[in-house]
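The block underneath contains the structure these notes are about, expressed in structure tokens.
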Amino acid sequence: MEYNFKEIEKKWQNYWKNNSTYKVEINKNKPKYYVLDMFPYPSGAGLHVGHPLGYIASDIFSRYKRLQGFNVLHPMGYDSYGLPAEQYAIQTGQHPAVTTGKNIARYREQLDKIGFCYDWSREVRTCEPNYYKWTQWAFIQMFNSYYDNDQDKAMPISNLILKFHQSGSESVNAVCSSDLSFTASEWNAMSEKEQQNLLMNYRIAYLADTKVNFCPALGCVLANDEISEGLSIRGGHPVEQRVMRQWSLRVSAYAQRLLDGLDRIDWTDSLKETQRNWIGRSEGTEMNFKVKDKLYDLEIFTTRADTIFGVTFMVLAPESEYVSKVTTDAQRAAVDEYLNQVKRRTERERISDRRVSGVFTGAYAINPVTEKEIPIWVSDYVLSGYGTGAIMAVPAHDSRDYAFAKHFKLPIIPVIEGCDVSQESFDAKDGVMANSGFLNGLKVKEAIAATKKYVKEKGIGKVKVNYRLRDAIFSRQRYWGEPFPVYYKEGVPYVLDESKLPLMLPEIENFLPTASGEPPLGHAKNWNTPEGYPYELNTMPGFAGSSAYYLRYMDPHNDEALVSKEADEYWQNVDLYLGGTEHATGHLIYSRFWNKFLFDMGVVCKDEPFHKLINQGMIQGRSNFVYRIKDTDTFVSYNLKEKYEVTPIHVDVNIVSNDILDIEKFKNWSPDYKSAEFILEDGKYVCGWAVEKMSKSMFNVVNPDDIVDRYGADTLRFYEMFLGPLEQSKPWDTNGIDGVLRFLKKLWGLFYTRESLCLSDEEPTKDELKSLHKLIKKVTYDIENFSFNTSVAAFMICVNELSSLKCNKKKILDPLTIILTPFAPHIAEELYHTLGHNTTVCDAQWPDYDEQYLKEDLKKYAISFNGKVKFSIEFPADMDKDEVEKQVMANEQTVKIMDGNPTKKIIVVPGKIVNIVF
RNA sequence: GCCUUGGUGGUGGAAUUGGUAGACACGCAGGACUUAAAAUCCUGUGAUCAUUGCGAUCGUGCGGGUUCAAGUCCCGCCCGAGGUACCA
């Protein structure tokens, strides 16, 4: 009987569906395990063969854990708000909800074919009101919270109001947008509006004028992680800087906790390092420099307080509020001209153009330590958002300051002994101080500490920790996103009462901004509260819906809470999270922040959402090329192309097999090639190839549906794992897949002869048991270590061995079938039933291996001379070192190789190798 | 520039603590079965030399080092991929 994957896969997919095999409920008698895939954005292109890689891996792990006796939560859903559907709506008038629905249906159809064990009853879609209700709910909680530094957690804003009422700002140690100081009576005298505006400085979700990345082509603000090299990731449009009134989330308040949390989670070092860099903690000093002839100070931030004697000028960011204050009348025109010039430049221009630019303000500052006068400049190499937006420039020891000083011919004073700054600055943080007054002779580290102490004592500054991590801008001038549960009363924002949620996204017909430049929601009719107060016109960004979806899966239909106490306490957090590295600085930061906030609220019991995280590598495409001889209609085969002048042309990989072109299909592929002619080698047209990104334009996209159709889902699953280590990027090459199908056929052949089933109840032999237990040991180890590719090889070896042993014993095939289940569930289920079981193999028990079957009686020793292996001998496994040595030395071949030379040394590694040095 | 990765046959890759490099597949070559093809099965397959057999030498990006022994450890380079970018 033949292995008929089509029939088998259909049969068991129906069985699993009809029996709700993958439905999971809280079961306190079993330990829980939560396996999560990063949910996809359902794009119009559907899945290609690269997408399921991580899903297959997590599916294997889920099934394995279930076989081990865990109650496994393994859900799936869709990140279904987003730009592409809306862009498509603008172009075609098709409502984003319609396109999104269609794309989801297509994704589901593709996913179902692969045989995943998702509990689809828990599916979430971020664009559905019963889901985004809880996104809006979380926003309201953030609006109603502030970050208390003393308690190091988010607290209700009502606490803060009470404190202000009683004792003003003095009793409060909270994270705040600006330095505020007021008394209780001042607070109590404020109008409602004034109080609300003041509270905005404290709220975790707050409204403020922010410098944003605005993309005119998309008509929308973008987050830093939605931009690459000054272009939007979606669409590649230029991005510019603008100041806009935006909602933001005070992620920066959590910077230290986000950093500390990394030490407690099981992520790769590389990913942790990326997040550490993104958070960018730096310990430094804030120092005040007096401005000459003025009553105020300039506040700067530096991590190199030790170089204070090397400061030769100051630089302000163009956006700094100090600029207009310090600029002298004589320099005002020049400064204004420079500011205009900077404003006009887009983000992209600033990145690509690294020329030094700047202007002198005419003002001087006074070095608080040396009392020397130094000029104050403005330049865009100083960032307004970092530190105080002002720096002390030490050209001798900072390459940016150095370039600036050279360009404007400003003095450079080295303050580290023996360094040469004639060609470049000396940035390294080591050496001994010189030219530095009381710091002379100290090492850099000591000097930093000494300066900090000095500055503190003299009251000219304070020790300060700075983070690069910024607050997340949370408004998007878009339609297809969560509406804010916010309305405005006399321009002051208020959040809706929780009972009014969800605030439903209204229907509109035109998805473009309004004539007055307002976001698309400006077109919505009656977009206001029943009392007539207008609702917020912006919507939330993509990361809003994806920041807590893992919690919703625990309790997806709960109408009373994001997640019930019971569900949260049972499922706790994600044990294993699988997804791409591209979310390192976006989703994976936002989620951690969001979760920590909910933890502070007491909504969730774990402060880190994802315990272990694995990044699957990207599947690259493998493109094929044909070579057209220039100015002709003739194509020349790969190995003959050097003789001609040729143009390589991408050809659809689906009409190429093992790099041999199907000429007929090629002629029909495009009308241009109808009359093409070919120069062949050995009667074949051989194509060239290259590894590139998998994309339509390269004609190298392989659809999993086609693979499932031709080879079956089990073969696809096995082959994706066989391609290489999960975490590594690797090209997809359909060519190797035959080997996997052959393996499954061979496995089938252990059960069936050509005509019929042939199983035996006989007791297995020693060799058969050894083969099986070797496999159980290897596969168990490999799955625990996410080394699925080597498991596949182990399966092949075992089946090859059992085939040559002609093994058809149930006692071997039964456990084999069970450990096969995670990888190839359909064939495993079929064979499991064939073996006489009538319940699903998913609920079988993972077999343990038994060391006694793995013991070897004989060990093969490699016999080497001066490190070079010459031959091998088998000895009993329990033979001791001395005996091995004796036997080896007595060996005829040894004597021959030694040729009478005296031995210097003999090393015997038990069970492995003998090395004779002479 | 910085951070993170990776570099092993024609290809994808294996080698868990330093212990016979190239497992397992693909591809290729030869053979069996077949009227023929497909499918299947068997044999060979790192390179060079030798080939009558034994073999010999070189081989894990490059150059050094540690060690009885290095793909694996240490030092210094080169190249590819991904991320990040004036973060003071």
Side-chain angles (χ1 to χ4, degrees), chain A residues 2 224-225 228-229 268-274 276-278 280-282 284-285 300-304 307 315 350-351 354 356 379-383 385-388 390-394 397-401 403-404 427 466-470 580-582 584-585 615 617-618 620 622 658-659 689 691 719 722-725 727-740 742-743 745-746 749 754 778 781-782 785 787 789-797 800 860-872 904-918:
Chain A
E2 288 272 301
N224 285 336
D225 62 285
S228 177
E229 304 199 342
T268 60
D269 289 337
S270 69
L271 194 71
K272 286 186 190 178
E273 199 53 31
T274 305
R276 285 195 188 102
N277 290 341
W278 191 260
R281 179 193 155 102
S282 56
T285 315
I300 61 96
F301 175 75
T302 179
T303 54
R304 290 297 302 274
T307 58
V315 188
R350 280 193 51 199
I351 290 165
R354 279 291 173 79
V356 174
S379 174
D380 66 354
Y381 85 87
V382 174
L383 302 176
Y386 187 76
T388 59
I391 61 147
M392 62 178 213
V394 187
H397 303 289
D398 181 292
S399 50
R400 296 155 298 180
D401 298 343
F404 194 81
D427 289 15
N466 245 304
Y467 299 92
R468 196 188 86 116
L469 184 71
R470 308 288 176 76
T581 359
E582 65 272 22
T585 54
N615 293 119
M618 263 215 321
Q620 297 150 311
R622 185 184 188 274
N658 283 328
D659 294 334
W689 63 274
V691 172
Y719 187 57
F722 192 46
L723 279 176
E727 304 188 59
Q728 240 167 61
S729 285
K730 58 242 161 189
W732 174 271
D733 182 358
T734 307
N735 288 337
I737 201 168
D738 296 301
V740 171
R742 247 170 245 162
F743 151 73
K745 283 181 180 170
K746 225 178 203 176
R754 199 174 287 244
K778 175 81 177 142
Y781 178 88
D782 282 349
N785 290 283
S787 175
N789 55 325
T790 50
S791 289
V792 178
F795 273 113
M796 289 173 169
I797 292 168
N800 286 345
K860 199 168 154 195
Y861 281 77
I863 312 302
S864 55
F865 297 83
N866 291 333
K868 282 183 186 168
V869 176
K870 294 291 176 181
F871 59 94
S872 61
K904 282 189 190 148
K905 198 173 184 181
I906 301 175
I907 292 104
V908 179
V909 182
K912 282 188 174 154
I913 200 166
V914 177
N915 192 15
I916 299 154
V917 187
F918 66 91

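Below, read A as the first sequence line, B as the second, and so on, with proteins coming before strands; counting in each chain starts at 1.
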Inset, instruction - Nearest-nucleotide wise, let me know which of A:Leu271 and A:Trp278 is further upstream toward the 5' end of RNA chain B. - result: A:Leu271

Inset, instruction - Output yes when a side-chain donor or acceptor of A:Arg468 lies under 3.5 Å from a complementary backbone atom of A:Trp278, and no otherwise. - result: yes

Legend entry - Atom P, compared across B:G1 and B:G61: separation rounded to whole Å: 23 Å

Legend entry - Interatomic distance where NZ belongs to A:Lys870 and C1' belongs to B:C54 [whole Å]: 13 Å

Inset, instruction - Give the ring-plane orientation class for A:Tyr719 versus A:Trp732, where under 30° counts as parallel, over 60° as perpendicular and anything between as tilted. - result: perpendicular

Legend entry - Salt-bridge contact A:Asp401-A:Arg304 (side-chain N to carboxylate O under 4.0 Å): no

Legend entry - Separation between the C1' atoms of B:G46 and B:G13, rounded to whole Å: 15 Å

Inset, instruction - Report yes if a side-chain nitrogen or oxygen of A:Ser399 is closer than 4.0 Å to either non-bridging phosphate oxygen (OP1 or OP2) of B:C86; otherwise report no. - result: no

Inset, instruction - State whether the side chain of A:Asn789 and the backbone N or O of A:Leu723 hold a donor-acceptor pair below 3.5 Å, judged by distance alone. - result: no

Legend entry - Spacing between A:Trp689 atom CH2 and B:G27 atom C1', to the nearest angstrom: 12 Å

Inset, instruction - Using a 90° cut-off around 0 for syn, call B:G6 syn or anti. - result: anti

Legend entry - Distance, rounded to the nearest Å, where A:Glu582 contributes CD and B:U84 contributes C1': 16 Å

Legend entry - Whole-Å P distance, B:G18 and B:G44: 34 Å

Legend entry - A:Ser399 backbone acceptor or donor facing A:Asp427 side chain under 3.5 Å: yes

Legend entry - Nearest to side-chain heavy atoms of A:Lys905, which nucleotide of B:A88, B:C68, B:C87: B:C68

Legend entry - Nearest-Å distance once atom P is located in both B:A15 and B:G7: 12 Å

Legend entry - Inter-nucleotide C1' distance (B:C58, B:G9), Å rounded: 14 Å

Legend entry - Base-pair map of RNA chain B as dot-bracket, where | denotes pairing with a different strand and pairs are Watson-Crick or G-U under 3.5 Å: (((((((..(((......[....)))((((((.......))))))((((.....))))..(((((..]....))))))))))))....

Legend entry - Letter per nucleotide, 5' to 3', of nucleotides 16-26 of chain B [B base touched, S only sugar-phosphate touched, - untouched; heavy atoms, 4.0 Å]: BB-BB--BBSS

Inset, instruction - Determine yes or no for a side-chain-to-main-chain donor-acceptor pair under 3.5 angstrom, with A:Tyr861 supplying the side chain and A:Gly911 the backbone. - result: yes

Legend entry - N/O donor-acceptor pair under 3.5 Å between A:Asp398 side chain and A:Arg400 backbone: yes

Legend entry - Atom-pair distance (CD on A:Gln728; C1' on B:G7), nearest Å: 10 Å

Inset, instruction - Measure the distance from CG on A:Asp401 to P on B:C86 and round it to the nearest whole Å. - result: 14 Å

Inset, instruction - Determine whether any donor atom in the side chain of A:Arg400 lies under 3.5 Å from an acceptor atom in the base of B:A88, or the reverse, and answer yes or no. - result: yes

Inset, instruction - Mind calculating the distance between CZ (A:Phe865) and P (B:U57) to the nearest angstrom? - result: 13 Å

Inset, instruction - Rounded to whole angstrom, note down the P distance from B:A23 over to B:A50. - result: 26 Å

Legend entry - Check: A:Val914 main-chain N/O paired with A:Ser864 side-chain donor or acceptor under 3.5 Å: yes

Inset, instruction - Could you work out the separation of B:U16 and B:U48 based on their C1' atoms and round it to a whole Å? - result: 34 Å

Inset, instruction - Between A:Ser270 and A:Leu469, just flag the one whose closest nucleotide in RNA chain B comes earlier from the 5' side. - result: A:Ser270

Legend entry - Value in whole Å for how far the C1' atom of B:A85 lies from CD of A:Glu273: 16 Å

Inset, instruction - Please identify each residue that fulfils side-chain contact (heavy atoms from CB on, under 4.5 Å) with A:Ser282, with sequence neighbours left out. - result: A:Phe301, A:Thr303, A:Tyr386, A:Asn466

Inset, instruction - Looking at every strand, decide which applies to A:Arg470 at a 4.0 Å heavy-atom threshold: base, sugar-phosphate, or nothing. - result: base

Inset, instruction - Starting from P on B:G6, measure out to CD on A:Gln620 and report it in whole angstrom. - result: 15 Å

Legend entry - B:A14 to B:A25 separation - C1' atoms, rounded to the nearest Å: 11 Å

Inset, instruction - Examine distances only and state if a side-chain atom of A:Asn735 and a backbone atom of A:Asn658 form a donor-acceptor pair shorter than 3.5 Å. - result: yes

Legend entry - A:Lys870 side-chain N/O to A:Ala862 backbone N/O, donor-acceptor pair under 3.5 Å: no

